[in-house]
Q: 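My questions will all concern the structure given below.
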Amino acid sequence: MVIARNTILIAFISIFIFSCGKSEGPPVEAAFPLQEEASVTAYTVRLPGNDPETQAIILSQTVYAATREDNAVGAIILVPQDEKMAFTAMHRVTHMPVNAPMLYLDGNRKISDATFEEMKRLKPDGVMPDGRNQVYAVNVPPAEVERIRKELNYKVRTFNEEDPILLAELLDRWQAALKSDHPDEVVISAIDHEDGIKHGMGAMGWNAHMGKGFAWVYKDSIPAATKEILKRRYGDHGAYMYVTGNPDIISAKVVKELGRYGLVRRITGANVFASNTVNAGYKDYGRNFGWGWDWAARDFGWGIAQAGHNYIFSSAENVLGTIPAAVLGHMGKHGPILLVEEDSLPGAVKSYLEMVKPFQTNPQETILNFGWIIGDEQILTREVQMEIDYYLSPFPLRETQETLTDSTNANLEQ
């Protein structure tokens with residue numbers, strides 16, 4: 001019995017550490033073997049891609065072992081290395097019933113050998129309600145689409161719209177056809193501010209987890225395509241809109257105008273770090289739609305304010321590397337994205353982690369937190385990883401320990 005249990009345990013660990021199998025057999029060697037790449041501490045693991053394409057592959061291998069039906073992908077999202085395109089696609093494509101990691105084209109908008117091998121390894125099942133499509137190609141050149149069809153024999157659905165605002169509207173119509181529904185909750189981010197995506201990164205992670213709506217606005221106006229998205233939800237109650245960023249990112253004028261289409265909430269902090277900690281703790285729960293005998297609740301946001309959860313940590317400057325990491329909130333250890341500095345932990349993140357910090361109990365009963373570190377040590381330093389590990393641990397913070405020691409000494413002196 002002991003031997004059998006050990007064998008099962010080894011097989012289980014292999015699936016999640018190696019993460020490099022193919023659907024019909026046991027794990028095989030892949031281009032980026034995680035057992036050589038990952039850097040682990042007690043409460044964190046680093047997935048150390050040094051460029052967006054490599055990072056996306058490592059994330060795909062981590063989440064999808066692709067050794068059997070329950071750990072296989074439904075499809076693959078393939079996008080150019082364009083922040084706004086990738087951000088839009090992750091918001092609207094990843095969630096069920098698609099169930100897809102995101103992979104990048106290279107800098108020349110070609111499929112590199114490493115990405116091609118990862119696509120081959122994944123062997124997508126295909127999305128049943130969408131004609132068993134296996135790849136969702138967003139602004140992928142026709143020659144590369146044809147290569148996928150000929151060499152991998154995968155079914156491909158293409159979305160060709162270079163304007164991210166119009167791409168969001170196109171994906172909104174496609175999702176409505178796929179699910180026979182327009183989700184009333186719509187995340188809204190600013191497309192014309194350099195920090196618009198960063199303020200909305202955590203909310204993008206929520207959408208990868210839950211599959212709600214998404215639209216772009218300008219700081220001081222609402223595009224016509226976004227108005228069309230919102231009108232589709234304009235019933236008795238209208239849409240429920242969640243604006244990401246403070247009035248410097250999306251103006252009060254725009255928020256007021258959005259109010260014509262329903263209820264507007266602003267998820268924001270003083271900076272990009274604070275906005276994403278606010279997102280991690282945010283929850284909007286209430287009545288949504290239904291009939292006299294039954295109502296479906298509105299339930300938006302992580303609402304995490306206590307220990308026992310998982311977090312994705314990434315540099316605010318590593319936008320392209322962070323976007324595919326949202327798949328960890330979809331099929332990994334579900335949890336929100338928190339942005340940090342390359343070489344330091346921002347005050348807003350420290351304050352949030354102090355709030356959700358585990359406390360010590362019997363070692364077998366302690367509720368623990370866990371963190372995914374995105375990027376190699378050139379993107380997020382080893383010192384930051386150690387500090388995150390320290391804040392996630394159940395052991396008292398140094399400041400708390402010093403306060404307790406001072407208090408104890410004072411009592412002894414009395």
Q: Can we say Lys227 and Glu257 salt-bridge, meaning some charged N sits less than 4.0 Å from an Asp/Glu carboxylate O?
A: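 The answer is yes: the pair qualifies as a salt bridge.
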Q: Side chains of Gln360 and Thr366: donor-acceptor distance under 3.5 Å anywhere?
A: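 Gln360 vs Thr366: no donor-acceptor pair found between side chains.
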Q: May I ask you to decide whether Glu117 forms a salt bridge with Arg121, counting only side-chain N to carboxylate O separations under 4.0 Å?
A: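 The answer is no: the pair does not qualify as a salt bridge.
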Q: Please check if the side chain of Asp389 supplies one atom and the backbone of Thr41 the other of a donor-acceptor pair under 3.5 Å.
A: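 Not a single qualifying donor-acceptor pair exists.
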Q: A quick test of your reading: do over 12 heavy atoms of other residues, nucleotides or ligands sit less than 6.0 Å from CZ of Arg149?
A: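 For Arg149, atom CZ is crowded (more than 12 foreign heavy atoms under 6.0 Å).
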Q: Quick one: does Gln55's side chain have a donor or acceptor within less than 3.5 Å of a partner on Gly375's backbone?
A: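 Yes.
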Q: Short question: side chain of Gln134, backbone of Lys155 - any donor-acceptor pair under 3.5 Å?
A: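 Yes.
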Q: May I ask you to decide if the ring planes of Phe214 and His91 are parallel, tilted or perpendicular, using 30° and 60° as cut-offs?
A: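 The rings of Phe214 and His91 lie parallel, inter-plane angle below 30°.
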Q: Can you find a heavy atom in the side chain of Lys283 that is under 4.5 Å from one in the side chain of Asp299?
A: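 The answer is yes; the side chains approach within 4.5 Å.
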Q: After noting the C-alpha distance and the side-chain angles of Ile312 and Leu338, does the key distance pass the side-chain contact (heavy atoms from CB on, under 4.5 Å) rule?
A: CA-CA 6 Å; Ile312 302 161; Leu338 299 177; over 6 Å; no
Q: Any idea which heavy atoms bring Ile165 and Ala225 closest together, and the distance?
A: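 That would be CG2-CB, 3.9 Å.
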Q: In terms of heavy-atom contacts, does CG of Asp181 have more than 12 from other residues, nucleotides or ligands at under 6.0 Å?
A: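 Enclosed.
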Q: Quick one: which of His209, Met210, His309 gives a side chain to side chain contact (heavy atoms under 4.5 Å, CB included) with His334?
A: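 Output: one option passes, namely His209.
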Q: Using side-chain contact (heavy atoms from CB on, under 4.5 Å) as the criterion, list what pairs up with Glu161, not counting sequence neighbours.
A: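 side-chain contact (heavy atoms from CB on, under 4.5 Å) check on Glu161 returns Asp163, Leu166, Leu167, Leu170.
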Q: Verify salt bridge (charged side-chain N to carboxylate O under 4.0 Å, His left out) between Lys357 and Glu354, making sure each step is shown before the conclusion.
A: CA-CA 5 Å; Lys357 187 171 176 61; Glu354 286 176 11; over 6 Å; no
Q: Can you tell me how far apart CG (Leu258) and CG (Leu263) are? Round to the nearest 0.5 Å.
A: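 Those atoms lie 11.0 Å apart.
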Q: Considering non-hydrogen atoms only, spot the tightest contact between Val384 and Glu342 and give its length.
A: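 Looking at all heavy atoms of both residues, the closest pair is CG2-O, 3.5 Å.
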Q: Would a line drawn from the ring center of Trp372 to the ring center of Phe370 be shorter than 6.0 Å?
A: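 Yes, ring centres under 6.0 Å apart.
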Q: Passes ring pair (Phe, Tyr, Trp, His ring centres under 6.0 Å), Tyr311 versus Trp302? Steps please.
A: CA-CA 11 Å; Tyr311 301 93; Trp302 296 100; 9.0 Å; no
Q: Determine, for Tyr240 and Arg298, whether the Lys NZ or Arg CZ falls below 6.0 Å from the six-membered ring centre while staying within 45 degrees of the axis.
A: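 Relative to the ring axis of Tyr240, which defines the angle, Arg298 lies inside both limits.
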Q: Output the distance between atom OG1 (Thr277) and atom CD1 (Ile337), rounded to the nearest 0.5 Å.
A: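 If we round to the nearest 0.5 Å, Thr277:OG1 and Ile337:CD1 are 13.5 Å apart.
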Q: Evaluate salt bridge (charged side-chain N to carboxylate O under 4.0 Å, His left out) for Asp125 paired with Arg132, printing each intermediate quantity in order.
A: CA-CA 7 Å; Asp125 287 340; Arg132 289 289 184 186; over 6 Å; no
Q: Step by step, work out the side-chain contact (heavy atoms from CB on, under 4.5 Å) result for Phe87 and Ser189.
A: CA-CA 10 Å; Phe87 188 73; Ser189 294; 4.0 Å; yes
Q: Among Asp195, Thr268, Ile267, find the one that has a side chain to side chain contact (heavy atoms under 4.5 Å, CB included) with Asn246.
A: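 The residue from Asp195, Thr268, Ile267 that satisfies side chain to side chain contact (heavy atoms under 4.5 Å, CB included) with Asn246 turns out to be Thr268.
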Q: Distance-only criterion, 3.5 Å: show the donor-acceptor pairs between side-chain atoms of residues 104-111 and protein atoms not counting sequence neighbours.
A:
residue, atom, partner, partner atom, Å
Tyr104, OH, Leu320, O, 2.6
Asp106, OD1, Asn108, N, 2.8
Asp106, OD1, Arg109, N, 3.2
Asp106, OD1, Lys110, N, 2.9
Arg109, NH1, Asn139, O, 3.4
Arg109, NH1, Glu162, OE2, 3.3

Q: Is a donor on one side and an acceptor on the other found under 3.5 Å between the side chain of Arg232 and the backbone of Asp184?
A: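 Looks like no, no N/O pair under 3.5 Å.
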Q: Do Asn279 and Ser275 have a side chain donor and acceptor closer than 3.5 Å?
A: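 No pair is found: no donor N or O on one side chain lies under 3.5 Å from an acceptor on the other.
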Q: How many angstroms lie between CG in Leu339 and CD1 in Ile374, if you round to the nearest 0.5 Å?
A: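 Separation between the atoms: 11.0 Å.
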Q: Looking only at heavy atoms, which two atoms of Val217 and Pro223 are closest? And how far apart?
A: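 Of all heavy-atom pairs spanning Val217 and Pro223, the closest is CA-CD, 3.7 Å.
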Q: So, for Ala75 and Pro124, which heavy atoms are closest and what is the spacing to 0.1 Å?
A: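 Residues Ala75 and Pro124, closest heavy atoms: CA-CB, 3.8 Å.
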Q: Centroid-to-centroid, Tyr136 to Trp174, below 6.0 Å?
A: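 Yes - the distance between ring centres of Tyr136 and Trp174 falls below the 6.0 Å cut-off.
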Q: Just do the side-chain contact (heavy atoms from CB on, under 4.5 Å) check on Leu171 and Val93 with the steps written out, would you?
A: CA-CA 8 Å; Leu171 293 176; Val93 183; 4.2 Å; yes
Q: Determine, step by step, whether Val319 and Ile323 satisfy the side-chain contact (heavy atoms from CB on, under 4.5 Å) criterion, reporting the C-alpha distance in whole Å, the side-chain angles of both residues, the deciding distance to 0.1 Å, and the verdict.
A: CA-CA 6 Å; Val319 173; Ile323 290 170; 4.0 Å; yes
Q: Would Arg147 count as a cation-pi partner of Phe116, with NZ or CZ less than 6.0 Å from the six-membered ring centre and within 45° of the ring normal?
A: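 Relative to the ring axis of Phe116, which defines the angle, Arg147 lies inside both limits.
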Q: Say whether, by atom type as modelled, one donor and one acceptor occur between the side chain of Asn276 and the main chain of Gly202 under 3.5 angstrom.
A: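 Side chain of Asn276 to backbone of Gly202, a donor-acceptor pair under 3.5 Å: yes, one is there.
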Q: Students often mix this up, so state it plainly: with edges at 30° and 60°, are the rings of Phe300 and Tyr242 parallel, tilted or perpendicular?
A: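 Ring orientation, 0 to 90° scale: parallel.
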Q: Write down the atom of Pro101, the atom of Val327, and the distance for their closest heavy-atom approach.
A: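 For Pro101 and Val327, the tightest heavy-atom pair comes out as CA-CG2, 4.1 Å.
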Q: With heavy-atom distances below 4.5 Å as the criterion, would you say the side chains of Pro396 and Phe359 are in contact?
A: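 Not in contact.
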Q: Indicate yes or no for a side-chain donor-acceptor contact from Ser393 to the backbone of Tyr390 under 3.5 Å, with no hydrogens or angles considered.
A: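 Answer holds: yes.
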Q: Is it the case that the side chain of Ser315 and the backbone of Glu341 share a donor-acceptor pair, with hydrogens and angles ignored and the cut-off at 3.5 Å?
A: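 It does not hold such a pair.
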Q: For Ile249 and Thr244, which heavy atoms make the closest approach, and how far apart are they?
A: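 Distance-wise, the nearest heavy atoms are CG2-O, 4.2 Å.
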Q: Are any of the side-chain nitrogens in Lys219 or Asp248 under 4.0 Å away from the carboxylate oxygens of its partner?
A: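 Not counted as a salt bridge, because no side-chain N and carboxylate O are separated by less than 4.0 Å.
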Q: Tell me, which pairs form a salt bridge (Lys or Arg N to Asp or Glu O under 4.0 Å) where one or both residues lie in residues 304-327, sequence neighbours left out?
A: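 Only Lys198-Glu317 qualify under salt bridge (Lys or Arg N to Asp or Glu O under 4.0 Å).
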Q: For the pair Thr88 (side chain) and Lys84 (backbone), establish whether a donor and an acceptor sit closer than 3.5 Å, ignoring hydrogens and angles.
A: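 The answer is yes, because a donor-acceptor pair under 3.5 Å joins these two groups.
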Q: Side chain to side chain donor-acceptor pair (under 3.5 Å) between Thr115 and Glu53: does it pass, once the steps are laid out?
A: CA-CA 8 Å; Thr115 294; Glu53 186 183 356; 2.8 Å; yes
Q: Give a yes or no on whether the backbone of Asp220 and the side-chain of Lys253 come within a donor-acceptor separation of less than 3.5 Å.
A: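 Confirmed, Lys253 side chain pairs with Asp220 backbone.
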Q: Checking the side chain of Arg266 only, and the main-chain atoms of Ile250 only, is there a donor and an acceptor separated by less than 3.5 Å?
A: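 Yes, because the side chain of Arg266 sits within donor-acceptor range (under 3.5 Å) of the backbone of Ile250.
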Q: Arg233 and Asp172: salt bridge (charged side-chain N to carboxylate O under 4.0 Å, His left out), yes or no, with the steps?
A: CA-CA 11 Å; Arg233 288 130 175 107; Asp172 189 68; 2.6 Å; yes
Q: Could you tell me if the side chain of Met128 sits less than 4.5 Å from the side chain of Pro97, heavy atoms only?
A: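 They are not in side-chain contact.
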Q: Within the supplied structure, the quantity of interest is the number of heavy atoms (other residues, nucleotides, ligands) at a distance under 6.0 Å from Leu368 CG; does it exceed 12?
A: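 Count over threshold, so yes.
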